[in-house]
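For the numbers below, each heavy atom of this structure counts, side chains included, while hydrogens, waters and symmetry mates do not. So that the names make sense, note that chain A is the first sequence line, chain B the second, and so on, each numbered from 1.
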Amino acid sequence: MRILLAGLLVTAATPALAALNIVACEPEWGALAKEIGGEQARIYVATTALQDPHRIEARPSLIARARSADLMVCTGAELEIGWVPLLQTQSGNGKIQAGQPGFFEAASVVPLLERPARIDRSLGDVHPAGNPHIHLDPRNIERVAAALEERMAQLDPGQAGHYQEQEKRFLGRWREATARWEKQAQPLKGLPVIVHHKNLSYLIAWLGMREVGTLEPKPGLPPSGAQLNELLQMQKRAPASAVLRAAYNDPRPSEWLAGQAGIPAVMLPFTVGGTDGAKDLFSLYEDTLTRLLSLTK
Amino acid sequence: MFRNVCCAVALATAAVPASAQDAELSKLREALRQLQEEVRQLEKRLEDAERRPPAAPPPAPAAARAAGSSAFNPDISLILQGTAARSSRDPNTYQISGFAPSGGEVAPAPRGFNLGESELVIASNVDPYFRGQLAAALTPENELEVEEAFFQTLALGRGFTLKGGRFLSGIGYQNEIHQHAWDFQDAPLAYKAFLGGRLNDDGVQLRWLAPTDLFVELGAELGRGRTFPGTDRNRNGANSWSAFGHVGGDIGASTAWRSGLSYLRTSPQDRAFTDLDVTQSFSGTSRLWIADFVLKWSPQGDPSVTNFKLQGEYFRRRESGTLAFDQTLSDGYASRQSGWYAQAVYQFMPRWRAGYRHDRLEHGTVANDLGLTAQDAPLLLTDYNPTRNSAMLDWSPTEFSRWRLQYAVDKSRVGVTDNQLLLQYILSLGAHGAHQF
């Protein structure tokens, strides 16, 4: 007990070396905050690429991290509705409450796709504001980067110049890379694909691919035998070229369908850390494109 | 488009007499060539447009949802539940031998079809400083019960949170979890015997979260002591207080845990029950310790396909004071009793979970200076250790609905084995709040 107390005191007395304590809800925002914050931000990423961001629990470790956060960078659009509200109410941290500058929602600065016309749970786990998986369109990363830099500068005015500088440098590299990727990805235009969950919609829209079906019969429901058989039947009329899934999706349904239909099943990193190659935002996109382009060879 | 052009060409051709001059003919040919070229271009544009990704929609207006005053409506959720049960012993005569009745709703589910409590939860931020929540239970007896109605601070900072009103106490682990989120239909025996199912007192609670990466939380409550193990007393000040500490963290990416120690002290006055048509009542001090532990595992921390949860709590109670017997005799009374449960729940495939729970209570020592024996006061003095084994299987098509089959062999009553089988549904409507760890 005494050791524990001593430990507490030591930890409490150690001044934070970094200016901004950031808790990122998902790896992509952790990576973006790192691009902008550089050495001036201490970043904790609450989830990994192998975890479904819908299904995270407000674990004690996350509450503890939220307690000391100056800024929480989340997706929003109700993606984290099952856990972030609890982090807010249980952390005793006034800075990260909804509406405070310390709570940043990336989806609020991005035009959302697939906004449902009808909101009813009989349609599955629909997100009333639209599809929240926004980060696989590089133009969205640009939008979020600009807003996040502004927010970080607002919370840490002493480092505003540093953040601006970092963001400018990042955006320069990012635009260059985006142009390169768009050129590389030309052969993917019009490529018909089946996806596991509707979490690749922005990537598909950006690259001009065509989503012809989902393994989940309704958003959030696990793939059913009936749905897989229907997709298999559809293969005869309008064949898809591949079955895509994110690293965190259960591989079995997509591999079953791919095996039956004789098309490749492709696992995409989905976010930073999803594959060994996806180490930051740039390599995330590069690895994703490499995997997709292997379909056109 | 193409058809229109063809028609035009056909008409043009028909309109020209066969004897038309060459010049006229070549003019027409030129017009036709131009039209064909136009068609080609239009077709190409159409094809390009089809290939191109849809243009990004304009940014959604930020205030799209906040239209009118209804946007300020709080989040409302409703839980519907019910059971169909059969038991080999009459639930109406249920008691836990060797333990003073807690007066709570502790009996097993009634036989046959039975509506459970419908729970209505209304919650919202009040302003930048407070959040409020009401949880009301509509009972199958057509009564309305306030289970929770509290405010909670949002902006005290430094890790402090103050709660006030009626709320589920932070002691133990399961106490703070709403009944619809339990892994079994009913409460562990220890909760039934020592807290009347759960503790939701009227009072205030202060929590402090340490600024460490390890989760360390300390809390204290002052309360009215209106329910078991306390009694409602017409008195100024607090009749119960409690303190608790929780520690928790992760082991790698796959495992999360939390452990805690809690203490509850109440001073019941004339806490009465009837046994063999004789009223017995206790006045004095009741001290309860609870040690709790929970561990959750899922592959890489993703519970979608499989996950595992292990949970256990140990209760230890000391009571000392006076026991009044038949309203005529009254003398010293002291007891030391304990109990525990452990349960494991495993999701073996999406939607399906199986669970097992073991309950045990230790009668311990119950001493009285009245010279009473188990013949005089069997409920309180029978030296018997109740046990129960429960198994369940549940199916959750979505996170908003759950169907559960549960079987229990309940030996709460001395010399009696009660086999209980039930089917339960739990449905969640509306803005369903997040579940805590």
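The candidate with the highest count of non-hydrogen atom pairs below 4.5 Å against chain A, out of B/Ala155, B/Pro128, B/Ala431, B/Gly301, is B/Gly301. Contact count against chain A (heavy-atom pairs under 4.5 Å) is highest for B/Asp250 among B/Thr398, B/Thr161, B/Asp250. When A/Ser91, A/Gly92, A/Ala64, A/Pro222 are compared by the number of non-hydrogen pairs under 4.5 Å with chain B, A/Gly92 comes out ahead. Interface check for chain A: of the options B/Leu162, B/Val305, B/Leu429, the most heavy-atom pairs under 4.5 Å are formed by B/Val305.
No side-chain heavy atom of B/Glu217 sits less than 4.5 Å from a side-chain heavy atom of A/Ile63. Using a 4.5 Å heavy-atom threshold, the side chains of A/Gln97 and B/Tyr129 count as separate. You'll find the side chain of A/Leu50 stays beyond 4.5 Å of the side chain of B/Asp302, heavy atoms only.
Partners of B/Gln311 by side chain to side chain donor-acceptor pair (under 3.5 Å), not counting sequence neighbours, listed by chain and number: B/Gln174, B/Tyr341, B/Gln343. For the ring pair (Phe, Tyr, Trp, His ring centres under 6.0 Å) test, no residue two or more places apart in sequence or in another chain qualifies with B/Trp257. Judged as a side chain to side chain donor-acceptor pair (under 3.5 Å), and not counting sequence neighbours, B/Gln300 has no contacts.
Expressed to the nearest 0.5 Å, how far CD of A/Glu57 lies from NE2 of B/His435 amounts to 10.0 Å. Atom OG of A/Ser68 sits about 7.5 Å away from atom CG of B/Leu209, to the nearest 0.5 Å. With values rounded to the nearest 0.5 angstrom, B/Phe437 atom CZ is found 9.5 Å from A/Leu62 atom CG. Interatomic distance, CD of B/Glu399 versus CG of A/Leu221, reported as 10.0 Å (0.5 Å rounding).
A/Arg67 places a side-chain N or O within 3.5 Å of a backbone atom of B/Arg158 that can act as its donor or acceptor partner. Here the side chain of A/Arg121 pairs a donor or acceptor atom with the backbone of B/Gly430 at under 3.5 angstrom.
Both the backbone and the side chain of A/Asp52 come within less than 4.5 Å of a heavy atom in chain B. Proximity to chain B (any heavy atom under 4.5 Å) is shown, for A/Gln88, by neither the backbone nor the side chain. In this structure, chain B has no heavy atom under 4.5 Å from any part of A/Asn249. Of the atoms belonging to B/Pro299, not a single heavy atom falls under 4.5 Å from chain A. Contacts of B/Gln152 with chain A are made by side-chain atoms alone, with heavy-atom separations under 4.5 Å and no backbone atom involved. For a residue to count as touching a neighbouring chain, one of its non-hydrogen atoms must lie under 4.5 Å from one of that chain's; by this rule A/Arg252 touches chain B with the side chain only. Only the backbone of A/Ile81 comes within contact range of chain B, with at least one heavy atom under 4.5 Å from a heavy atom of that chain.
Inspection of non-hydrogen atoms places B/Pro350, B/Arg351 of residues 344-351 of chain B under 4.5 Å from chain A.
By the neighbour-count criterion of 12 heavy atoms within 6.0 Å, atom CG of A/Asp120 is densely surrounded, having more than that number from other residues, nucleotides or ligands. The environment of A/Trp256 atom CH2 is dense: over 12 non-hydrogen atoms of other residues, nucleotides or ligands sit within 6.0 angstrom.
When every heavy atom of A/Arg55 is checked against every heavy atom of B/Ser304, the shortest pair comes out as CD-OG, 3.2 Å.
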